[in-house]
Engineer: 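Take this structure, written in structure tokens, and hold onto it; I'll ask about it next.
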Amino acid sequence: MNILEAQAPQQHKRRFPTAKRAPLHPLGTCRAMAQLIFLPQRYRPPEALPMSSPNWADFLAPNPQAQFIWFGHSSLLAQMQGQKIFFDPVFARYASPIPIMAKRFQAAPAPLKALPPMDWIIISHNHYDHLDRHAIGFFARQKQCRFAVPLGLGKWLAQCSVSKARIQELDWWQFLDVSDAVRLHALPSLHYSGRHLFDGNRSLCCSYALCDAQEKFYFSGDSFYGGGAHFAAIGQKFGGFDVAFIENGQYHAAWRDNHMQPQDSVKAALDLQARRLMPIHWGAYALSPHAWNAPVIASSAEAQRAGVDMLTPLIGEIFSAHSPSRSWWRDKE
């Protein structure tokens, strides 16, 4: 394992950089939360979403192209040059500290116990819809599994019985050789961290690039668009990506300084020089009072206008950068 600092000095601070805050909108936030709590069915699919059950033999077979499985929301499993790498694995029934909102639409396409052993778990930030304590505990029992997390988050994983030797904290613009053939880059993300009222921005938020000699992929985590300068800088540094997995959902005017609107997701893909855009951060939990498929409907229309190729596989489907796309989500409007 080789970790090197690429550009920026480490930010060993009590608090970490985040989006420039717009004025808070407490009334709008309270109204949105009340809608999600008292009218949850309004924002859920009317029936079970179509899913594919992963064929693990196909997924694990040697392949020069990276293979992926989307588990819904931002949980993305990659197989690249034999490395099994899981970004933000969340299987929780509720993406919330209390089970009164953010209930999962349906079970994941495969339970934790059915997964092949993992090589790496990659975490973008510590919000409940990206960091699942139970899932971390499950992977902690796999002694070969290692963890890459943003600065400041290693202590939390250690409390979940992950040995410190298996945790690598990363600052923006650092990279980590996860194998001889695959490199992971930690990159900027304009978002905030925190799991309760008193730990705001005590750990960093990251996006990531996953690269081998043939392909480059971008994983956004959560990020405010903020003019797009950080996306443009990433796109320029890497010379574009085969696929950009970009946040696309759970937006609201009351928290517009922390999440992207659908048109922002497309603009980010353009800034990143991505050949294809795959919208993530939707399809599993309702975390904002909009229709469950409103984000992908809106971003699809915007992508078509902008000439951006969109990739929308079924949840649980094995796909690559070159897989055909289909608008399965339109059948459930």
Side-chain angles (χ1 to χ4, degrees), residues 1-13 16-20 66 68 74-76 78 80 83 85-88 120-127 130-131 146-154 167-178 182-193 201 203-212 215-248 258-260 264-281 321:
M1 183 172 65
N2 180 31
I3 179 170
L4 297 172
E5 193 166 12
Q7 289 186 5
Q10 284 202 357
Q11 300 149 352
H12 293 291
K13 300 178 181 179
F16 290 87
T18 184
K20 182 179 179 181
F68 297 92
S74 296
S75 298
L76 183 72
M80 193 176 205
Q83 292 289 300
I85 304 163
F86 211 152
F87 289 87
D88 288 358
W120 285 89
I121 302 299
I122 315 298
I123 302 297
S124 64
H125 63 293
N126 69 355
H127 285 166
H130 294 262
L131 182 56
R146 290 173 287 178
F147 299 77
V149 302
L151 279 182
L153 197 50
I167 302 170
Q168 182 61 64
E169 290 192 352
L170 294 171
D171 197 358
W172 291 352
W173 304 110
Q174 284 188 321
F175 58 83
L176 171 70
D177 288 330
V178 301
V182 180
R183 177 167 287 178
L184 177 78
H185 298 256
L187 300 167
S189 166
L190 301 184
H191 195 55
Y192 71 98
S193 65
N201 294 324
S203 59
L204 194 63
C205 298
C206 288
S207 62
Y208 294 97
L210 186 68
C211 310
D212 66 9
E215 297 178 299
K216 294 175 289 184
F217 300 93
Y218 177 77
F219 179 85
S220 73
D222 286 354
S223 183
F224 172 53
Y225 184 70
H230 62 302
F231 291 120
I234 293 167
Q236 183 175 12
K237 176 177 175 60
F238 287 89
F241 295 92
D242 294 279
V243 180
F245 302 95
I246 298 180
E247 172 200 341
N248 182 230
N258 278 298
H259 289 287
M260 289 189 280
D264 295 331
S265 301
V266 177
K267 288 192 290 186
L270 291 169
D271 293 337
L272 290 161
Q273 304 174 43
R275 296 171 183 84
R276 302 189 81 178
L277 160 64
M278 179 172 161
I280 56 174
H281 209 244

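Residue numbers count from 1 along this sequence.
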Engineer: Say you draw a straight line from CG of Asp222 to CD1 of Ile246; how long is it, rounded to the nearest 0.5 Å?
Structural biologist: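 If I round to the nearest 0.5 Å, the distance is 12.5 Å.
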
Engineer: Could you give the distance from CG (Leu176) to CG (Leu170), rounded to the nearest 0.5 Å?
Structural biologist: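 Reported value, rounded in 0.5 Å steps: 5.5 Å.
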
Engineer: Evaluate the ring planes of Phe238 and His185, with Trp represented by its six-membered ring, and classify them as parallel (under 30°), tilted (30 to 60°) or perpendicular (over 60°).
Structural biologist: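 The rings of Phe238 and His185 stand perpendicular, inter-plane angle above 60°.
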
Engineer: Any sub-3.5 Å donor-acceptor pair from His191's side-chain atoms to Asn258's backbone N or O?
Structural biologist: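 Yes, the answer is positive, given that a donor and an acceptor are paired below the 3.5 Å cut-off.
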
Engineer: Can you list everything that forms a ring pair (Phe, Tyr, Trp, His ring centres under 6.0 Å) with Phe245? Sequence neighbours excluded, please.
Structural biologist: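 Phe245 satisfies ring pair (Phe, Tyr, Trp, His ring centres under 6.0 Å) with Phe68 once adjacent residues are dropped.
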
Engineer: What pairs with Arg276 under side-chain contact (heavy atoms from CB on, under 4.5 Å), at least two apart in sequence or on another chain?
Structural biologist: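 Listed in chain order: Val243, Asp309, Leu311, Ser325.
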
Engineer: Can you name the one residue among Ser203, Ser124, Cys206 that meets side chain to side chain contact (heavy atoms under 4.5 Å, CB included) with Ser193?
Structural biologist: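 Single pass found, and it is Ser203.
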
Engineer: Tabulate below the donor-acceptor pairs under 3.5 Å that side-chain atoms of residues 224-236 make, not counting sequence neighbours, or state none.
Structural biologist:
| residue | atom | partner | partner atom | Å |
| --- | --- | --- | --- | --- |
| Tyr225 | OH | Asp271 | OD2 | 2.5 |
| His230 | NE2 | Ser223 | OG | 3.0 |

Engineer: Treating Glu215 as the side-chain partner and Ala66 as the backbone partner, does any N or O pair qualify as donor plus acceptor under 3.5 Å?
Structural biologist: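 Here the side-chain-to-backbone pair exists.
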
Engineer: Check whether any side-chain heavy atom of Gln174 lies under 4.5 Å from a side-chain heavy atom of Glu169, and answer yes or no.
Structural biologist: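 When only atoms from C-beta onward are counted, Glu169 and Gln174 do not touch, as no gap falls below 4.5 Å.
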
Engineer: Holding to salt bridge (charged side-chain N to carboxylate O under 4.0 Å, His left out), I want the full list of residues that pass it with Asp212, two or more places apart in sequence or in another chain.
Structural biologist: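 For Asp212 there are no salt bridge (charged side-chain N to carboxylate O under 4.0 Å, His left out) partners, ignoring immediate neighbours.
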
Engineer: Would you say the side-chain atoms of Trp172 pair up with the backbone N or O of Pro150, donor to acceptor, closer than 3.5 Å?
Structural biologist: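 Checked: no pair found.
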
Engineer: Considering all heavy atoms of both residues, which atom of Ser189 and which atom of Ser220 are nearest to each other, and what is their separation?
Structural biologist: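 So the two residues come closest at OG-O, 4.3 Å.
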
Engineer: Ignoring hydrogens and angles, tell me if any N or O in the side chain of Glu247 forms a donor-acceptor pair with the backbone of Met260 under 3.5 Å.
Structural biologist: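 Between the backbone of Met260 and the side chain of Glu247 there is a qualifying donor-acceptor contact (under 3.5 Å).
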
Engineer: Can you check whether Asp88 reaches Ile123 side chain to side chain, under 4.5 Å on heavy atoms?
Structural biologist: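 A side-chain contact under 4.5 Å exists here.
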
Engineer: Output the distance between atom CD (Gln168) and atom CH2 (Trp120), rounded to the nearest 0.5 Å.
Structural biologist: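 It comes to 7.0 Å.
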
Engineer: Is there side-chain contact between Leu187 and Tyr208, with at least one heavy-atom pair below 4.5 Å?
Structural biologist: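 SC-SC contact between Leu187 and Tyr208 ruled out.
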
Engineer: Residues two or more places apart in sequence or in another chain: which of them pass side-chain contact (heavy atoms from CB on, under 4.5 Å) with Ser75?
Structural biologist: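 Ser75 satisfies side-chain contact (heavy atoms from CB on, under 4.5 Å) with Phe71, Phe86, Val90 only.
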
Engineer: Angle class for the Tyr218/Phe241 ring planes (parallel below 30°, perpendicular above 60°, tilted otherwise)?
Structural biologist: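 Ring orientation, 0 to 90° scale: tilted.
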
Engineer: Not counting sequence neighbours, which residues clear side-chain hydrogen bond (donor to acceptor under 3.5 Å, both in side chains) with Ser74? List them please.
Structural biologist: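 So Ser74 forms no side-chain hydrogen bond (donor to acceptor under 3.5 Å, both in side chains) with any residue.
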
Engineer: Mind checking what makes salt bridge (charged side-chain N to carboxylate O under 4.0 Å, His left out) contact with Lys267, not counting sequence neighbours?
Structural biologist: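 Only Asp264 meet the salt bridge (charged side-chain N to carboxylate O under 4.0 Å, His left out) criterion with Lys267.
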
Engineer: Is there a side-chain contact between Leu277 and Asn248, using heavy atoms and a 4.5 Å cut-off?
Structural biologist: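 The answer is no, as the side chains (C-beta and beyond) never meet within the 4.5 Å cut-off.
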
Engineer: Output, in order, the C-alpha distance, side-chain angles, deciding distance and verdict of side-chain contact (heavy atoms from CB on, under 4.5 Å) for Leu184 and Ile122.
Structural biologist: CA-CA 9 Å; Leu184 177 78; Ile122 315 298; 3.6 Å; yes

Engineer: Which heavy atom of Ile167 sits nearest to which heavy atom of Gly154, and what is that distance?
Structural biologist: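 Looking at all heavy atoms of both residues, the shortest contact is CD1-O, 3.6 Å.
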
Engineer: Starting from the C-alpha separation in whole Å, work towards a yes-or-no answer on side-chain contact (heavy atoms from CB on, under 4.5 Å) for Lys216 and Arg183.
Structural biologist: CA-CA 10 Å; Lys216 294 175 289 184; Arg183 177 167 287 178; over 6 Å; no

Engineer: Is there a side-chain contact (heavy atoms from CB on, under 4.5 Å) between His127 and Tyr192? Walk through the geometry before answering.
Structural biologist: CA-CA 9 Å; His127 285 166; Tyr192 71 98; 3.2 Å; yes

Engineer: Would you please test Val149 and Leu131 for side-chain contact (heavy atoms from CB on, under 4.5 Å) and show each step?
Structural biologist: CA-CA 10 Å; Val149 302; Leu131 182 56; over 6 Å; no

